[in-house]
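To start, the structure under review is shown below, and the notes come after it.
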There are 2 protein chains.
Amino acid sequence: MIPAGFRMTPQRMAILAEVQNAERHLTAAEIYERVRRKYPTIAYGTVYRTLHLLAKHGLIQEFPFGDNASRFDRRTDRHDHVHCVVCGELVDVEVPTALLARQVAAEKTGFEILDHQTVFAGICPSCQEKRDRTVQEARAGRR
Amino acid sequence: MIPAGFRMTPQRMAILAEVQNAERHLTAAEIYERVRRKYPTIAYGTVYRTLHLLAKHGLIQEFPFGDNASRFDRRTDRHDHVHCVVCGELVDVEVPTALLARQVAAEKTGFEILDHQTVFAGICPSCQEKRDRTVQEARAGRR
DNA sequence: GTCTATGCAAAACGTTTGCAGATAT
DNA sequence: ATATCTGCAAACGTTTTGCATAGAC
């Protein structure tokens, strides 16, 4: 699981478990809070060191996410994300244009392309509903 | 240029000029340093407030760039970036798969997609050369 | 027993903010 | 004249780090 010379401590197992059992992409702070329920003395430093270790060895993936904090993902394969600009939710998505896009980017820039990642910004279904309800209420009120 | 009620101060003009005349995408710290040559007492707060004001009104564009600091771009249209994982250089690139990708993302997630941004990670031409030279030297040395 | 990992605390980093005084309009 | 903007300094949230101790192997 982790290369020889590394120790599988209870803290590391707990951190890995939290990422793998998470219902969504967690920040380091969220992981820290969840692990703290079982290990009340765990330190932020341990959480960060462990997350980076796990990511480096391909057990999890880190997404350094613009505005705010990095998110950690149990998925380790390449994939893209959709980000709700209203509530902040971050959802995985597969988009099939990968190969063509990379080839174009390589040709246009001379770079050797190793990886890529697309972030779509938008409004999630639940926030669309809320917005639509608000618009309807506003119309009703105006009458 | 900037809506009524806002003031065009020398500091704001200098900050806008630095972004527009930059040879590449600058961080807030780099902009601060450059503006400081002309306005030695300028404050970080002023730089950030101005950059956000300019971005909000569409005079520049901010890219909250994962790992490190936000970069500010004189281009205000949608475009993608190629990032050199060796030297950190960040270069603009156009990729034509936009419409299809957005449609797929919308269908798969139910999101209303407003925007998207792809970051390609790779090795820039100059770092490729350096690497190739190093490999050749290593081979020569081994003989 | 050895060497790595942990907890703690301090600091680093990019960024934001409250406030009194300065300045564009 | 007045509302906005500036500079300063303090504070913020995230992440990293040095160090002595604890604990996995």
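Labels below follow one simple rule: chain letters A, B, ... track the order of the sequence lines, proteins then strands, and each chain is numbered from 1.
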Output the rounded distance in Å from CZ (A:Arg36) to C1' (C:dC8). 14 Å
Answer yes or no: is there a donor N or O on one side and an acceptor on the other, between the side chain of B:Arg7 and the main chain of B:Arg12, under 3.5 Å? no
Starting from C1' on C:dG14, measure out to CD on B:Glu62 and report it in whole angstrom. 11 Å
Rounded to the Å, how far apart are A:Glu33 CD and D:dG13 C1'? 14 Å
Ignoring hydrogens and angles, tell me if any N or O in the side chain of A:Gln61 forms a donor-acceptor pair with the backbone of A:Asp77 under 3.5 Å. yes
Exam field: side chain B:Arg78 to backbone B:His116, donor-acceptor pair closer than 3.5 Å: yes
How about A:His81 and A:Phe63: are their ring centres within less than 6.0 Å of each other? yes
Strictly distance-based, threshold 3.5 Å: is any side-chain N or O of B:Arg36 a donor or acceptor partner for the main-chain N or O of B:Thr41? no
Between B:Gln128 (side chain) and B:Ile123 (backbone), is there a donor-acceptor pair under 3.5 Å? yes
Specify the separation, in whole Å, of atom CZ of B:Arg12 and atom C1' of D:dC5. 6 Å
Using OP1 and OP2 only, check whether a side-chain N or O of A:Thr46 sits under 4.0 Å from C:dA5. no
A:Gly45 or B:Pro40: which one's nearest nucleotide on DNA chain D is closer to the 5' end? B:Pro40
Heavy atoms only, 4.0 Å cut-off, all strands: where does A:Ala28 land among base, sugar-phosphate and nothing? sugar-phosphate
Under the salt bridge (Lys or Arg N to Asp or Glu O under 4.0 Å) definition, can you give me all pairs with a residue in residues 113-128 of chain B, not counting sequence neighbours? none
What is the separation between atom CD1 on B:Ile42 and atom P on D:dA9, rounded to the nearest whole Å? 16 Å
Side chain B:Glu107, main chain B:Val104, donor-acceptor under 3.5 Å: no
Of the candidates D:dT15, C:dA5, C:dG14, the side chain of B:Tyr48 sits closest to C:dG14
I need the OH-C1' distance between B:Tyr44 and D:dC12, as an integer number of Å. 16 Å
The residue, A:Tyr39 or B:Phe72, whose nearest nucleotide of DNA chain C is more 5′ is A:Tyr39
Determine yes or no for a side-chain-to-main-chain donor-acceptor pair under 3.5 angstrom, with A:Thr46 supplying the side chain and A:Ile42 the backbone. no
Between C:dT16 and B:His52, is there an OP1 or OP2 to side-chain N/O distance shorter than 4.0 Å? yes
Based on the rotation axes of five pairs at each end, what angle does the helix from C:dG1-D:dC25 to C:dT25-D:dA1 bend through, to 10°? 30°
If you look at every strand shown and take non-hydrogen atoms under 4.0 Å, does B:Ser70 touch a base, only sugar-phosphate, or nothing? sugar-phosphate
How would nucleotides 18-25 of chain D be written as a contact map, 5' to 3', with B for base contact, S for sugar-phosphate-only contact and - for no contact, using protein heavy atoms under 4.0 Å? B----BBS
In whole angstroms, the gap separating C1' of D:dT15 from CG of A:Leu26 amounts to 17 Å
Integer-rounded Å distance: C:dT6 C1' and A:Met13 CE: 14 Å
Under a 3.5 Å threshold, yes or no: a donor from one side chain and an acceptor from the other, between A:His79 and A:Asp73? yes
